[in-house]
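A note on names: the letters A, B, ... follow the listed sequences, proteins ahead of strands, and every chain is numbered from 1. Just so it is clear, the values below take in all heavy atoms, side chains as well, and ignore hydrogens, waters and symmetry mates.
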Number of protein chains: 2
Amino acid sequence: MTVTIYDVAREANVSMATVSRVVNGNQNVKPATRKKVLKVIEELGYRPNAVARGLASKKTTTVGVILPDISNSSYSELARGIEDIATMYRYNIILSNSDQNPNKELQLLETMLGKQVDGIVFMSDVISDELRKEMERSPTPIVLAGSLDDTATIASVNIDYYAAAYEAVQKFIDSGHKKIAYISGPLSSEINREHKLKAYQDALKEAGLGYDERLVVECNNTYEEGLAAVQTLESVEPTAYFVSNDEMSIGVIHAVEALGKKIPEDVEVITYENSKLARMARPMLTAVALPLYDIGAVSMRLLTKYMNDEEIEENQVVLPYRLEERQSTKHV
Amino acid sequence: MTVTIYDVAREANVSMATVSRVVNGNQNVKPATRKKVLKVIEELGYRPNAVARGLASKKTTTVGVILPDISNSSYSELARGIEDIATMYRYNIILSNSDQNPNKELQLLETMLGKQVDGIVFMSDVISDELRKEMERSPTPIVLAGSLDDTATIASVNIDYYAAAYEAVQKFIDSGHKKIAYISGPLSSEINREHKLKAYQDALKEAGLGYDERLVVECNNTYEEGLAAVQTLESVEPTAYFVSNDEMSIGVIHAVEALGKKIPEDVEVITYENSKLARMARPMLTAVALPLYDIGAVSMRLLTKYMNDEEIEENQVVLPYRLEERQSTKHV
DNA sequence: CTGTTAGCGCATTCAC
DNA sequence: GTGAATGCGCTAACAG
């Protein structure tokens, strides 16, 4: 039924070792016999069985990708970055959604290792101790994409979230704002809590502005909650909004405009993500540009180095970010 | 180094067959020995090698997914539907982006088959003859998700694109519009050309309205081109826009409003997709709801039936759609 | 209920 | 340059 390497060998009057050599591009084959083998392969429609190959060689040329939710545009952008580089290095991707559920993450990790992937790219807002321990003991290399590990034991690719947030808030301070709101994603996320919020607090403090906790609203990253957050803050009347992601930012500008205020004249907004949405909003959103595609791509590239046992100079990669000025902030 | 089924067998004083049985949940094992084996598995940290298992059993419990671009929200929504059902049936997903490139699609198909996936979910706007031929000769089941195959030889799940488009255009006609524009995605896509455009033409014709080809603008599905399309049509002054997808629709409403016209008072818009964007637009978009998640989920479910050799009543599944009325059309 | 025996399809020594 | 032999780790009859 299925044609194997052995069938090709017999038909071409060579040994399976020779067929294996031509299939794998080994140079130790006389051009004439290579040609003959290739011809038979074509005739028989032989297709190498990657599973058998994987068992024999202990390499599957596939890597596992575990992320919260592929239908979320941030993660799908990241995934594309990963896949593009993977393709470039001839790897395939096994993709799974964790929904940030720790048990599911653990179990997915287990499944991927069982499938003998050559490496894993992992993303999650919070890495539990148990998960980190599993990762450390993992026989196959793992890199964290856009996910922090304080212990720095696991390779990772990120930007300087703190500095980026600080710069955004500082921009508001420089413009003379006194009541700056921070519309945050879940504070269970270390990036939101220890970097963005911290930077927000530090910037205010260093500017001599008090920290008013009423100005911080924790949301679940959705448009609707962005909308609601502004309503919650109506009595406080913030004049500037630092928002955790694009989708909430659109909620914010819609709610602000519904209150009859003009952006950026009355209220300024800076988002933290910079997906296509930032350009599709009206006014277009000034943004801290989080290079998700690049984070994915660099993570995958780093992973290939581990998989090839290459020398790694630094396992904690920090990519640059930039502040993209558009219409939701005043230009000076 | 790696602990195998044989190690477990030796340590538990049983044969590897018995270990295999407990690992696979075979009932023919005395509870006592099952317990003993489980204990050793735990102690040794044994993890079954899925590759070896795949070679021996000829099942990999992984399915291939080939789609145009995971970073596009439509496809990522579809992917999530596929993955959820796959997880439910204990399959993993190998995901690849084709960018609708026929050669890449062919090559990806080949790669997936080489990896011995148990099934494939495929999506593409246009299925070339060569590709269809490859699919027909494929030894492993394939289902097309949201992709048409006129010959109906390959299983597929879709909605009635024509009827949905017809209904949208008819709604405009019922409201008395005479100049209805169709902002289309690439007409190389059969769905855009043979279903949406055709329905548009037919509806106009049957209403006794002439077909003015200046009212049809072909775009590449992006926000920017939606924006540009309206400018192109400025002199024609359409009073209604039937738009191929959400992203272009947002471009359309922005451009229309930039022209000083009010939506829906002066101009009405109906989009064809209904992603989150439709609710994030202002005004919120009335939409033909394309159930992408469901198409993915049902495709995967159908695939499981093929993989289990279950009885298939109908290989061309047609899912229902609905018209979601929001703010970009007048309510009567 | 449990053990023995064969492969699954290929890469990889080691000879020649 | 090429071939023969071995084993990767596991499932699947087949016995018993």
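For the contact set between residues 49-62 of chain B and DNA chain C, defined by any heavy atom under 4.0 Å, the members are B/L55, B/A56, B/K58. Remark: A/A17, A/S20, A/N24 in residues 17-42 of chain A come within less than 4.0 Å of DNA chain C through at least one heavy atom.
For A/N24, the side-chain contact (heavy atoms from CB on, under 4.5 Å) partners are A/S20, A/R53, not counting sequence neighbours. The side-chain contact (heavy atoms from CB on, under 4.5 Å) check on B/E43 picks up B/K39, with sequence neighbours excluded. For B/R132, the side-chain contact (heavy atoms from CB on, under 4.5 Å) criterion is met by B/I127, B/D129, B/E136, B/D149, B/T151, B/T153, B/I154, not counting sequence neighbours. For the side-chain contact (heavy atoms from CB on, under 4.5 Å) test, residues two or more places apart in sequence or in another chain that qualify with B/E83 are A/S96, A/N97, B/T87, B/I93. The salt bridge (charged side-chain N to carboxylate O under 4.0 Å, His left out) check on B/R21 picks up nothing, with sequence neighbours excluded. Residues satisfying the side-chain hydrogen bond (donor to acceptor under 3.5 Å, both in side chains) criterion with A/Q107, sequence neighbours excluded, are absent altogether.
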Is there a side chain to side chain donor-acceptor pair (under 3.5 Å) between A/T60 and B/K115? Walk through the geometry before answering.
CA-CA 9 Å; A/T60 54; B/K115 294 227 168 178; 6.0 Å; no
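Separation of atoms CZ (B/F122) and CD1 (B/I142) is listed at 8.0 Å; rounding is to 0.5 Å.
Residue A/D7 is out of contact with every strand shown, counting any heavy-atom pair closer than 4.0 Å.
Over its length, the helix from C/dC1-D/dG16 to C/dC16-D/dG1 turns its helix axis by 30°, as judged from the five terminal pairs at each end, rounded to 10°.
Remark: the B/Y293 side chain and the B/D84 side chain contain an N/O donor-acceptor pair separated by less than 3.5 Å. A donor-acceptor contact under 3.5 angstrom links the side chains of B/Q100 and B/S124, judged on distance only. Looking only at atom types and distance, the side chain of B/Y306 has no donor-acceptor partner in the side chain of B/D309 under 3.5 Å away.
With hydrogens and angles ignored, the 3.5 Å screen pairs no side-chain donor or acceptor of B/D99 with any backbone N or O of B/N101.
No more than 12 heavy-atom neighbours from other residues, nucleotides or ligands sit within 6.0 angstrom of CD on A/E42.
Ion pair B/K305/B/E313 flagged as a salt bridge, since at least one NZ, NE, NH1 or NH2 atom sits closer than 4.0 Å to an Asp/Glu carboxylate oxygen.
For DNA chain C, the span of nucleotides reached by chain B at under 4.0 Å from its heavy atoms goes, 5' to 3', from C/dC1 to C/dG9. Extent of DNA chain D lying under 4.0 Å from chain A heavy atoms, first and last nucleotide in 5' to 3' order, is D/dG1 to D/dG9.
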Determine all donor-acceptor pairs shorter than 3.5 Å in which one atom belongs to a side chain in residues 25-32 of chain B; sequence neighbours excluded.
unit_1 : atom_1 : unit_2 : atom_2 : d
B/N26  : OD1    : B/N28  : N      : 2.7
B/Q27  : NE2    : B/G25  : O      : 3.4

